[in-house]
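Okay, so here's the structure we're looking at.
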Amino acid sequence: MPVDMIEYAIGVDLGGTNLRAAAVDRTGKMLDRISENTNFAGGREAVLNDIVTAIQKMREKHGAQGLAGIGVGVPGFIRMKEGYITNSNNLPYLENFPVRDEISRRLGTLVILENDANAAAMGEKWIGAGRDVDDLVLLTLGTGIGGGIISGGRVMRGFVGMAGELGHITVVPNGNPCGCGNQGCLEKHASATAITAMARLMQLGEDLSSKDVADLAHEAGEKGDKARTIWRVMGESMGVALAMLVNTFNFPLYLLSGGMLPAWEFFAPHMLRTMEQRSFTFRATRTETRVAQATLGNEAGLYGAACLPWVEKKG
Ligand SMILES: [Zn+2]
């Protein structure tokens, strides 16, 4: 490679409604980005075309020679060996099809698929709140709860790519039924959807967002009390889950991201108190174990996808 050429990778984040792509250099500097609506209803060929076209545009601009590879973050489980996506609610037509090899064939370059929450965890590890550690857990708090586990600087995937499903660990043994078949999953008790449901049950409002409930928690009086109760319950559920994670991993860092962070001051004290009650390991390492807010927001997955060609190439 000529000395003046910038080595870069392209990260792609295939979300629920749009496709984002970014060219990122080896130091984590974003050189370029695009965000496009994607024709998800158009089926497999339309989506593959959109991905390939977006990458081609960036490659033309920044030069094919410097391109180290492409990482693609997708919602769903990834069979790494085969390069397949399985069980993707948003992209059913991409399931059990050689997505990785097909994109790689059309572009003639290295392609790595990764689960979106795993990619976000990798992004935080690379240049976000986790840059100083090699081991961390990320929980993405949204309408559901996703999880990513980084151990020794690498994504922990499990033998068929299904590790890190932290939204579906049990926090209330006979709790709310979940679509996964379990009862009392973390995401049934601590996601944005759960906050909205609790607000409805407590007659705070029919369709309040977690932001609305966070705003209400600032108010004095009965409404504020109810909102603060909701965040206490949410924080305790998070604490149960995090206590288990601390006991399991003894990692130095547990990161939370997503639209619930504005309510941090209302749920975090309950979360940390519950962790102290339920985890000896947490009490014993209280000053060294950090529970913190992720810093890259919804860019984390883009950065994380982009760093994969370098991380995975190391073997
Ligand atoms: Zn579940």
Side-chain angles (χ1 to χ4, degrees), residues 14-16 73-79 84-92 94-96 114-121 136-150 155-202 207-210 213 230-249 251 254-261 263 267 270-271 274-275 278-279 291 294 298 300-301:
L14 208 52
V74 292
F77 298 120
I78 311 295
R79 291 247 174 187
Y84 280 45
I85 301 166
T86 62
N87 309 87
S88 181
N89 292 332
N90 295 339
L91 307 160
L94 288 186
E95 287 177 16
N96 304 310
E114 184 56 276
N115 166 270
D116 53 0
N118 288 348
L136 66 86
V137 172
L138 171 71
L139 290 165
T140 60
L141 310 178
T143 53
I145 293 183
I149 303 164
I150 305 296
V155 175
M156 186 185 276
R157 299 194 174 92
F159 84 104
V160 291
M162 295 176 81
E165 277 305 290
L166 305 179
H168 297 281
I169 57 179
T170 306
V171 294
V172 183
N174 295 307
N176 298 331
C178 180
C180 76
N182 187 22
Q183 277 179 279
C185 289
L186 177 62
E187 74 171 32
K188 283 289 154 188
H189 293 269
S191 65
T193 316
I195 297 294
T196 301
M198 281 191 270
R200 188 179 304 125
L201 266 176
M202 295 179 74
D207 220 7
L208 298 185
S209 68
S210 47
V213 181
I230 290 172
W231 289 115
R232 174 176 59 75
V233 172
M234 179 273 190
E236 288 168 354
S237 294
M238 290 296 298
V240 171
L242 283 161
M244 278 191 271
L245 294 170
V246 170
N247 284 356
T248 306
F249 294 115
F251 284 169
Y254 303 81
L255 293 173
L256 310 185
S257 73
M260 319 269 270
L261 294 190
F267 71 77
H270 302 291
M271 176 176 77
T274 304
M275 290 176 75
R278 290 179 177 267
S279 170
V291 185
N298 66 4

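In this text, all values refer to a predicted model and were calculated from it rather than measured experimentally. Counting starts at 1 for both ligands and their atoms, in listed order.
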Shortest non-hydrogen contact from [X] toward [Y]:
X      : Y      : answer
Ala294 : Leu261 : O-CD1, 4.4 Å
Phe251 : Ile149 : CE1-CG2, 3.7 Å
Cys180 : Cys185 : SG-SG, 3.6 Å

* Mind listing the protein N/O/S atoms less than 2.8 Å away from the Zn ion (ligand 1)? Waters don't count. =>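 The answer is His168 ND1, Cys178 SG, Cys180 SG, Cys185 SG.
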* To do: Could you name each residue pair satisfying salt bridge (Lys or Arg N to Asp or Glu O under 4.0 Å) that touches residues 156-174, not counting sequence neighbours?
  => Glu114-Arg157, Arg157-Glu312
* Drop me the distance from Glu187's CD to Leu139's CG, to the nearest 0.5 angstrom. =>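 The CG atom of Leu139 is 11.5 Å from CD of Glu187, to the nearest 0.5 Å.
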* Asked: Does some side-chain heavy atom of Tyr254 sit less than 4.5 Å from a side-chain heavy atom of Met271?
  ->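 A side-chain contact under 4.5 Å is absent here.
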